[in-house]
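Letters go in sequence order (proteins before strands), and every chain restarts at 1.
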Amino acid sequence: MPEMPEVENIVIGIKDFIENKKIVDVEIIKGDVIKSPSSDEYRKLLQDKIIKSLKRRGKYIIMSLDDGRLNIIHLRMTGKLLYKQENEDIDKYSCVIYHLEDKTKLIYADIRRLGTLDLITTDEISRLKGLYTLGAEPLSSEFTIGYLKDCLNKSKTKIKPFLLNQKNVAGLGNIYVDEALAISKIHPERKANSLSDEEIEKLHQAINLVINEGIRDGGTSFRDYRNGLGEKGSHQDKLYVYNRKGKECRFCDTLITKIVLNGRGTYFCPNCQKLNDDK
DNA sequence: GCGTAGACTTGAGTCA
DNA sequence: ACTGCTCAAGTCTACG
């Protein structure tokens, strides 16, 4: 479900409500989303702990507790983190509820239950490979044109799967990859190592642009996404290609095409994003 | 080591 | 209304 701008909005929206509050109880409704430790251990270890901070890295949410442990939350496709008053109704698909000391609650809800919760010590971070091996964050000082160029030149895969690989750039997902490629006018099947310097520069700029605008617009609520307060984002109204099959390209009026690339629905403008035979 | 299909899981659909 | 089929914001594993 949520990509970096959506996760960022969730974290920014609720962190001030939950930081420095004590978890008085953890209610486990669908325990299979807890990957480690066991559900019982998870509940016991979180009871009476204070939430010191809530942060984001890539698409991961990192909740730091006052005993040094980290509650690592990944929403995958349909996970939600919702902050509510204790007397408010809970989501039908609630899996875990953290009851806080001030009669409020934080709910992890997930229709498909592909999301994951892991409570670990800081020494154990390397066990979560996806978190441990994340590449540079868009908009960060680490994410330079040179960094992107080095990664691209080491890769023989197509540009779309390259950008979806979190080891290269952290936080991009299916929507923002298609958008960044549309803005930089690069065909999704181009080989990563075939991009010219000029194209790399345009792609770098486009990634930062779509991520920045996605955050500013409160995320993309194409289907299930809601922020931590249950509100929709508005970036779905500004998409160039994603979910716009058969509609006119905003740059040239050609109709948007959809293909399946590495198992993912992929949208692009066949006129703006050409695939040359020699590339 | 690298790149690519398949698996996980459940509900929605300008479905048909 | 009910049925069935396709597709979905992500990542890990297995295989060639």
Side-chain angles (χ1 to χ4, degrees), chain A residues 1-11 29-36 56-61 72-81 91-95 108-118 126-135 151-180 188-194 210-211 214-215 217-228 232-239 241-247 256 258-267:
Chain A
M1 150 185 148
E3 306 178 32
M4 191 267 237
E6 289 74 39
V7 180
E8 178 72 5
N9 271 287
I10 289 170
V11 170
I29 299 162
K30 302 257 172 58
D32 57 349
V33 295
I34 300 168
K35 301 304 169 187
S36 70
R56 180 196 59 74
R57 170 84 173 98
K59 299 171 197 170
Y60 288 82
I61 298 170
I72 310 284
I73 302 167
H74 197 301
L75 306 171
R76 296 284 183 106
M77 302 281 260
T78 53
K80 290 181 195 174
L81 207 52
D91 190 289
K92 181 179 170 187
Y93 303 105
S94 298
C95 299
Y108 178 78
D110 192 343
I111 294 174
R112 291 167 66 183
R113 299 200 312 282
L114 296 174
T116 57
L117 305 177
D118 284 277
S126 59
R127 277 187 21 217
L128 293 183
K129 289 228 171 58
L131 175 61
Y132 192 65
T133 59
L134 283 176
C151 293
L152 285 164
N153 288 337
K154 284 180 209 157
S155 174
K156 288 177 186 162
T157 192
K158 292 169 182 171
I159 187 65
K160 169 145 186 183
F162 170 90
L163 292 172
L164 285 174
N165 187 338
Q166 303 297 299
K167 290 173 190 165
N168 297 318
V169 184
L172 293 174
N174 209 31
I175 296 176
Y176 292 100
V177 165
D178 281 5
E179 292 298 295
E189 296 189 275
R190 286 279 303 282
K191 296 279 188 201
N193 61 12
S194 78
V210 294
I211 291 294
I215 293 171
D217 292 338
T220 303
S221 291
F222 167 57
R223 191 171 279 199
D224 297 310
Y225 170 68
R226 297 293 183 276
N227 70 15
K232 286 188 176 190
S234 68
H235 195 67
Q236 62 278 12
D237 300 332
K238 299 185 187 167
L239 297 173
V241 291
Y242 188 83
N243 199 39
R244 297 192 69 245
K245 180 186 174 185
K247 295 187 177 159
I256 301 300
K258 182 188 182 188
I259 58 169
V260 176
L261 182 50
N262 283 35
R264 310 303 304 274
T266 299
Y267 300 84

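The aromatic rings of A:Tyr242 and A:Tyr267 stand perpendicular to each other, their planes meeting at an angle above 60°, with 30° marking the opposite boundary.
Using P as the reference atom, C:dG4 and B:dC8 are 22 Å apart when rounded to the nearest Å. Nucleotides B:dA12 and C:dT11 place their C1' atoms 23 Å apart, quoted to the nearest Å. For the P atom pair drawn from B:dT10 and C:dC2, the interatomic distance equals 23 Å after rounding to whole Å. To the nearest whole angstrom, the two C1' atoms, one in B:dG11 and one in C:dC12, are 23 Å apart. The gap from the P atom of C:dT6 to that of B:dG6 amounts to 15 Å, rounded to the nearest Å.
As rounded to whole Å, 12 Å separates atom C1' of C:dC12 from atom CG of A:Asn165. For the pair A:Phe222 CZ and C:dG10 C1', the interatomic distance rounds to 16 Å; values are reported in whole Å. One atom, CG of A:Asp110, and another, P of B:dG11, lie 11 Å apart when rounded to the nearest Å. Following rounding to the nearest Å, A:Gln236 (CD) and B:dT14 (P) show an atom-to-atom distance of 15 Å. Between the NZ atom of A:Lys80 and the C1' atom of B:dG11 there is a distance of 12 Å, rounded to whole Å. A straight line from OH of A:Tyr93 to P of B:dG11 spans 5 Å, rounded to a whole angstrom. With rounding to whole Å, A:Asn168 atom CG is found 14 Å from C:dT11 atom C1'. Regarding A:Asn243, its CG atom lies at a distance of 12 Å from the C1' atom of B:dG13, rounded to whole Å.
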(request) Classify every nucleotide of nucleotides 1-8 of chain B by which part a protein heavy atom approaches to under 4.0 Å, writing B for the base, S for the sugar-phosphate alone and - for neither, in 5'-to-3' order. (result) --SSS--B

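Pair assignment for C:dT3 gives B:dA16, based on Watson-Crick or G-U wobble hydrogen-bonding distances that are each under 3.5 Å. The pairing partner recorded for B:dT9 is none, the criterion being a Watson-Crick or G-U wobble arrangement whose two distances lie under 3.5 angstrom. Using Watson-Crick or G-U wobble geometry with both donor-acceptor distances under 3.5 Å, B:dG3 finds its partner in C:dC15.
In terms of heavy atoms, A:Tyr93 sits closest to A:Asp91 at N-OD1, 2.7 Å.
A close approach under 4.0 Å does not occur between any side-chain nitrogen or oxygen of A:Gln166 and OP1 or OP2 of C:dG10. Look at A:His74 and you'll find a side-chain N or O under 4.0 angstrom from OP1 or OP2 of C:dT11. For C:dT11, one of the phosphate oxygens OP1 or OP2 lies less than 4.0 angstrom from a side-chain nitrogen or oxygen of A:Lys59. OP1 and OP2 of B:dT10 both lie 4.0 Å or more from every side-chain N or O belonging to A:Lys92.
Side-chain contact of A:Ser155 with A:Asn193: a donor-acceptor pair under 3.5 Å is absent, judged by distance alone. Side-chain N/O atoms of A:Glu3 and A:Tyr225 include no donor and acceptor closer than 3.5 Å.
A:Phe222 CZ to A:Asp237 CG: the interatomic distance, rounded to the nearest 0.5 Å, is 12.5 Å. The line from CG of A:Leu261 to NZ of A:Lys160 is 6.5 Å long, rounded to the nearest 0.5 Å. How far CD of A:Glu189 is from OG1 of A:Thr157: 10.5 Å, rounded to the nearest 0.5 Å.
For A:Arg113, whose side chain is taken as the heavy atoms from C-beta onward, the closest listed nucleotide among C:dG10, B:dT9, B:dG11 is B:dT9.
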(message) Run the side-chain contact (heavy atoms from CB on, under 4.5 Å) test on A:Ile159 and A:Leu152 for me, step by step, so that the C-alpha distance in whole Å, both residues' side-chain angles and the decisive distance to 0.1 Å come before the verdict.
(response) CA-CA 8 Å; A:Ile159 187 65; A:Leu152 285 164; 3.5 Å; yes

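Comparing A:Tyr267 and A:Gly130 by the nucleotide of DNA chain C whose heavy atom lies nearest to each, the residue mapping closer to the 5' end is A:Tyr267.
Residue contacts for A:Tyr242: at a heavy-atom cut-off of 4.0 Å it reaches the sugar-phosphate backbone alone, with no base atom in range.
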